[in-house]
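Notes for the one structure printed next.
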Amino acid sequence: MKLDILAFGAHPDDVELGCAGTILKEISLGKTVGIIDLTRGELGTRGSAAIRDQEANAAAKILGVSVRENLEMRDGFFVNDEKHQLEIIKMIRKYQPEIVLCNAIDDRHIDHAKGSKLVSDACFLSGLMKIETTVAGEKQTAWRPKIVYHYIQWKNIEPDFVVDITGFTDKKIAAILAYSSQFYVANSNEPESPITSKNFLESLNYRSRDLGRLSGVEHAEGFTVERYLAVNSLGDLI
Ligand SMILES: [Zn+2]
């Protein structure tokens with residue numbers, strides 16, 4: 001199955017937190033989108049891997065993505081080496097996306113920067129014909145996405161561009177709240193972490209409003225990119 005956009009996250013919920021609004025918008029424009037989670041988030045302070053699997057599936061339904069897979073790498077300890085790169089390359093060649101979205105280039109959780117570089121490196125390597133991969137006995141063909149965009153999650157990284165997600169924020173928050181084990185719930189008996197505070201939940205709305213304020217729209221999500229962005233004409237900007 002070929003997809004237009006493939007979004008990777010080190011943990012289930014990274015994609016929702018970083019770029020759910022953009023995914024919802026692209027799907028509304030007719031694009032096909034898939035999500036690949038690198039780990040099951042088994043080291044998360046709250047919940048369990050099994051609970052997070054269910055939450056990820058519920059969030060995927062809300063977003064309307066065509067596919068969601070989990071590579072079951074080790075939360076906290078996966079590395080950017082040949083073995084892990086080949087796992088990502090297999091996904092890129094399987095779904096042949098034009099655009100890849102992945103974690104922030106730098107963040108509080110060490111898996112985010114690691115996942116960011118791992119996916120970005122694999123996107124390059126996936127285009128090299130002499131790297132052979134097979135899935136179910138079938139040889140895959142080389143595929144390099146046109147571009148890799150990094151979403152922004154915990155740290156306030158300066159974006160290279162923003163996507164207008166006005167009209168999609170309610171559904172974005174619904175997809176995030178599908179991870180009910182992870183975020184703020186009044187009177188929870190589970191341990192606190194930086195993402196379980198009410199402040200964090202409110203900051204998601206605040207950030208999209210603030211990025212929108214700075215770019216002349218109501219709500220926006222920001223991205224960074226490793227190469228220059230080109231537009232066909234100056235009129236392409238909103
Ligand atoms: Zn994460």
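What's counted below: heavy atoms across the whole structure, side chains too, no hydrogens, waters or symmetry copies. Along the sequence shown, the residues carry numbers beginning at 1. Each ligand, and each atom within it, is numbered from 1 in the order the structure gives.
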[X]: which N/O/S atom is nearest the Zn ion (ligand 1)?
| X | value |
| --- | --- |
| His11 | ND1 |
| His112 | NE2 |
| Asp14 | OD1 |

So does Asp13 have any N/O/S atom less than 2.8 Å away from the Zn ion (ligand 1)?
->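 False for Asp13.
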Of all the atoms in His109, is at least one N, O or S atom closer to the Zn ion (ligand 1) than 2.8 Å?
->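 False for His109.
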Carboxylate-amine/guanidinium contact Arg207 Glu221, below 4.0 Å = no
Using a strict 4.0 Å threshold on nitrogen-to-oxygen distance, state whether Asp53 and Arg40 make a salt bridge.
->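 Result for this pair is yes, salt bridge flagged.
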Taking the six-membered ring for Trp, are His84 and Phe78 parallel (under 30°), tilted (30 to 60°) or perpendicular (over 60°)?
-> tilted
Mind telling me whether His109 and His112 have parallel, tilted or perpendicular rings, with 30° and 60° as the class edges?
->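 Parallel, since the angle between the ring planes stays under 30°.
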Step by step, work out the side-chain hydrogen bond (donor to acceptor under 3.5 Å, both in side chains) result for Arg93 and Thr133.
-> CA-CA 9 Å; Arg93 290 177 173 178; Thr133 51; 2.8 Å; yes
